Chemist: 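Could you have a look at this structure, given as structure tokens, before my questions?
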Amino acid sequence: MEQTLKQLSVADEVLTKRPLIISGPCSAETEEQVIETATRLAKTGKVDVLRAGIWKPRTRPGSFEGVGTKGLGWLAQAKKITGLPIAIEVATGKQVEDALHFDVDILWIGARTTVNPFSVQEVADALRGAKVPVLIKNPINPDLELWTGAVERVAKAGIKNIGLIHRGFSSYGNTEYRNAPMWHLAIEMKRRNPGMLIINDPSHICGNRIMLQDVAQKAIDLDFDGIMIESHIDPDNAWSDAKQQITPEKLLELLNGIKWRHETTNEKEFVTALEKLREQINQIDDELMQLLSQRMKIADKIGEYKKDNNITILQTNRWNELLERAFKKGEACGLSKEFITKYYDAVHMESINHQNKIMNS
Ligand code: PEP
Ligand code: MN
């Protein structure tokens with residue numbers, strides 16, 4: 001807090017805007033694409049920072065891995081034309097050096113970097129002595145300690161202006177999201193870091209265009225400081241993340257469609273606390289559903305086995321044994337016998353129906 005208002009750099013100042021809107025392509029592809037995107041974003045009058053990926057961490061080799069350092073010149077040009085400060089992702093010490101050399105205004109650490117303390121430390125070491133603000137995305141796995149560790153490493157390198165980007169978490173199995181938001185984790189991170197900027201990245205949470213509006217709205221309802229959304233002049237033909245990008249004009253529509261809330265602090269705190277608990281319940285319900293589905297798949301396999309060996313579906317001994325075991329476990333977990341009976345009846349019936357289908361197919 002030694003920084004007085006006078007000492008705030010342009011980048012520090014822009015990050016104080018509320019709501020803070022960061023937008024731009026997933027990847028810089030060509031000079032024309034960068035400049036046209038920036039010009040059309042600036043025209044919306046709502047975008048505060050231009051983002052673009054220069055080096056892209058791709059899951060599989062062989063796909064487009066970013067244009068590299070030459071893209072920094074294009075971004076500098078776009079900034080000159082539009083006046084928009086620029087933000088890019090950095091994942092190595094060399095990338096930090098290049099970014100600082102080209103006067104990039106804001107850097108962010110990507111989700112695939114936050115997971116790796118070696119990489120975060122390398123980035124932090126390269127940042128030593130720099131004045132640039134750094135935004136840190138959550139790690140791809142739902143681990144607040146890793147996210148916190150990254151914040152600490154960057155802070156220890158002397159970076160004063162650190163912000164957070166919530167981009168959702170990778171989870172096993174298909175969910176409606178590309179990266180499950182697990183809002184309660186972002187809310188907890190916010191609670192742990194009072195006053196620290198936290199924005200939401202609906203693009204990487206959704207992985208598609210359809211849900212962007214809802215996720216952006218939710219972030220605003222949960223009192224995030226802003227959003228980062230990917231935009232592209234020709235989304236369908238983007239070289240990365242084509243499914244989730246929208247044109248600058250669609251971004252304006254999306255922003256105009258958001259209901260910006262003005263609750264009192266008390267209301268906000270109440271909503272946040274309730275939301276956090278509800279999100280935990282949603283998360284657990286999703287996991288239960290996945291587990292039940294896995295259970296039924298195993299029941300299907302047993303059905304096939306029984307069919308091949310001509311055994312009846314209902315094995316009374318096994319059923320009694322299962323219930324006895326469940327009562328004991330249930331009691332230890334604080335679940336009533338009545339509930340356990342109903343629950344097991346329902347699960348058992350569903351299993352029998354699954355096996356019935358298989359045995360009679
Ligand atoms: C990106 O912002 O384009 C990106 C690679 O995101 P993430 O680190 O969230 O995967
Ligand atoms: Mn992307």
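Remember, it's a predicted structure, so these values are computed and weren't measured experimentally. We count ligands from 1, going down the list as the structure has it; atoms in each ligand are counted the same way.
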Chemist: Less than 4.0 angstrom from a charged side-chain N to a carboxylate O is my criterion; do Lys79 and Asp103 meet it?
Modeler: no
Chemist: So if I count the atoms of ligand 1 from 1 in the order they appear, which ones are less than 4.0 Å from some heavy atom of Lys56?
Modeler: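 The atoms of ligand 1 under 4.0 Å from a heavy atom of Lys56 are 1 (C), 3 (O), 5 (C).
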Chemist: Is any side-chain N of the basic residue among Glu321 and Arg318 closer than 4.0 Å to the acidic one's carboxylate O?
Modeler: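 Yes.
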Chemist: Which residue owns the protein heavy atom closest to atom 4 (C) of ligand 1, what's the atom, and how far is it?
Modeler: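 Nearest neighbour among protein heavy atoms for atom 4 (C) of ligand 1, to 0.1 Å: His204 NE2, 3.5 Å.
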Chemist: Tell me whether ligand 1 is touched by Cys26 - counting only heavy atoms on the residue side and a distance under 4.0 Å.
Modeler: yes
Chemist: Hey, can you tell me if Phe169 and Trp147 have their rings parallel, tilted or perpendicular (30° and 60° cut-offs)?
Modeler: perpendicular
Chemist: Which atoms of ligand 1 are found less than 4.0 Å from any heavy atom of Trp108?
Modeler: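 Counting from 1, the qualifying ligand atoms are 2 (O).
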Chemist: Is Ile54 linked to Ile35 within one hydrophobic cluster, defined over Ile, Leu, Val, Met, Phe, Trp and Tyr using a side-chain heavy-atom separation of less than 4.5 Å?
Modeler: no
Chemist: Tell me every residue that passes side-chain contact (heavy atoms from CB on, under 4.5 Å) with Ala99, counting only those two or more places apart in sequence or in another chain.
Modeler: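 Residues passing side-chain contact (heavy atoms from CB on, under 4.5 Å) with Ala99: Ile88, Val90, Val104, Leu107.
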Chemist: Within ligand 1, which atoms have a heavy atom of Gly110 less than 4.0 Å away?
Modeler: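 Once the distances to Gly110 are compared, the set is 8 (O).
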Chemist: Would you say Met228 and Trp55 are hydrophobically clustered, going by side-chain heavy atoms of ILVMFWY under 4.5 Å?
Modeler: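 Not linked; separate clusters.
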Chemist: What protein heavy atom is closest to atom 8 (O) of ligand 1, reported as residue, atom name and distance in Å?
Modeler: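 For atom 8 (O) of ligand 1, the nearest protein heavy atom comes out as Ala111 N, 2.9 Å.
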Chemist: Tell me the protein heavy atom at minimum distance from atom 5 (C) of ligand 1, and give that distance in Å.
Modeler: Glu89 OE1, 3.5 Å
Chemist: Would you mind writing out the side-chain donor-acceptor pairs for residues 61-72 within the sub-3.5 Å range, not counting sequence neighbours?
Modeler:
{"unit_1": "Ser63", "atom_1": "OG", "unit_2": "Arg60", "atom_2": "O", "d": "3.1"}
{"unit_1": "Thr69", "atom_1": "OG1", "unit_2": "Asp98", "atom_2": "OD2", "d": "3.2"}

Chemist: Using 0.5 Å steps for rounding, measure from the CG atom of Asp201 to the CG atom of Leu212.
Modeler: 9.5 Å
Chemist: I'd like the name of whichever of Arg178, Arg167, Gln244 reaches closest to atom 10 (O) of ligand 1 through any heavy atom.
Modeler: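 The residue whose heavy atom sits nearest atom 10 (O) of ligand 1 is Arg167.
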Chemist: The Mn ion (ligand 2): which protein N, O or S atoms are under 2.8 Å away?
Modeler: Cys26 SG, His204 NE2, Glu230 OE2, Asp241 OD2
Chemist: Starting from atom 6 (O) of ligand 1, which protein heavy atom do you reach first, and at what distance in Å?
Modeler: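 So the nearest neighbour among protein heavy atoms is Lys137 NZ, 2.9 Å.
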Chemist: Is Lys56 salt-bridged to Glu29, cutoff N-O under 4.0 Å?
Modeler: no
Chemist: Tell me whether Trp74 shares a hydrophobic cluster with Leu100, the cluster being built from Ile, Leu, Val, Met, Phe, Trp, Tyr side chains joined at under 4.5 Å.
Modeler: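 Same cluster.
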Chemist: Could you tell me which atoms of ligand 1, counted from 1 in the order shown, lie closer than 4.0 angstrom to a heavy atom of Arg51?
Modeler: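 Ligand 1 atoms under the 4.0 Å threshold to Arg51: 1 (C), 2 (O), 3 (O).
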Chemist: Which pairs of donor and acceptor atoms, one on a side chain in residues 235-250, lie under 3.5 Å apart (sequence neighbours left out)?
Modeler:
{"unit_1": "Asp236", "atom_1": "OD1", "unit_2": "Arg209", "atom_2": "NH1", "d": "3.3"}
{"unit_1": "Asp236", "atom_1": "OD1", "unit_2": "Arg209", "atom_2": "NH2", "d": "3.1"}
{"unit_1": "Asn237", "atom_1": "ND2", "unit_2": "Asp234", "atom_2": "OD1", "d": "3.4"}
{"unit_1": "Asn237", "atom_1": "ND2", "unit_2": "Asp234", "atom_2": "OD2", "d": "2.9"}
{"unit_1": "Ser240", "atom_1": "OG", "unit_2": "Ser27", "atom_2": "OG", "d": "2.6"}
{"unit_1": "Asp241", "atom_1": "OD1", "unit_2": "Arg178", "atom_2": "NH1", "d": "3.2"}
{"unit_1": "Asp241", "atom_1": "OD2", "unit_2": "Arg178", "atom_2": "NH1", "d": "3.4"}
{"unit_1": "Asp241", "atom_1": "OD2", "unit_2": "His204", "atom_2": "NE2", "d": "3.1"}
{"unit_1": "Asp241", "atom_1": "OD2", "unit_2": "Gln244", "atom_2": "NE2", "d": "3.0"}
{"unit_1": "Gln244", "atom_1": "OE1", "unit_2": "Arg178", "atom_2": "NH1", "d": "2.8"}
{"unit_1": "Gln244", "atom_1": "NE2", "unit_2": "His204", "atom_2": "NE2", "d": "3.3"}
{"unit_1": "Gln244", "atom_1": "NE2", "unit_2": "Glu230", "atom_2": "OE1", "d": "2.8"}
{"unit_1": "Gln245", "atom_1": "OE1", "unit_2": "Cys26", "atom_2": "N", "d": "3.0"}
{"unit_1": "Gln245", "atom_1": "NE2", "unit_2": "Ser240", "atom_2": "O", "d": "2.9"}
{"unit_1": "Thr247", "atom_1": "OG1", "unit_2": "Lys250", "atom_2": "N", "d": "3.1"}
{"unit_1": "Glu249", "atom_1": "OE1", "unit_2": "Arg40", "atom_2": "NH2", "d": "2.8"}
{"unit_1": "Glu249", "atom_1": "OE2", "unit_2": "Arg40", "atom_2": "NE", "d": "3.0"}

Chemist: Glu230 to ligand 1: N or O pair under 3.5 Å?
Modeler: yes
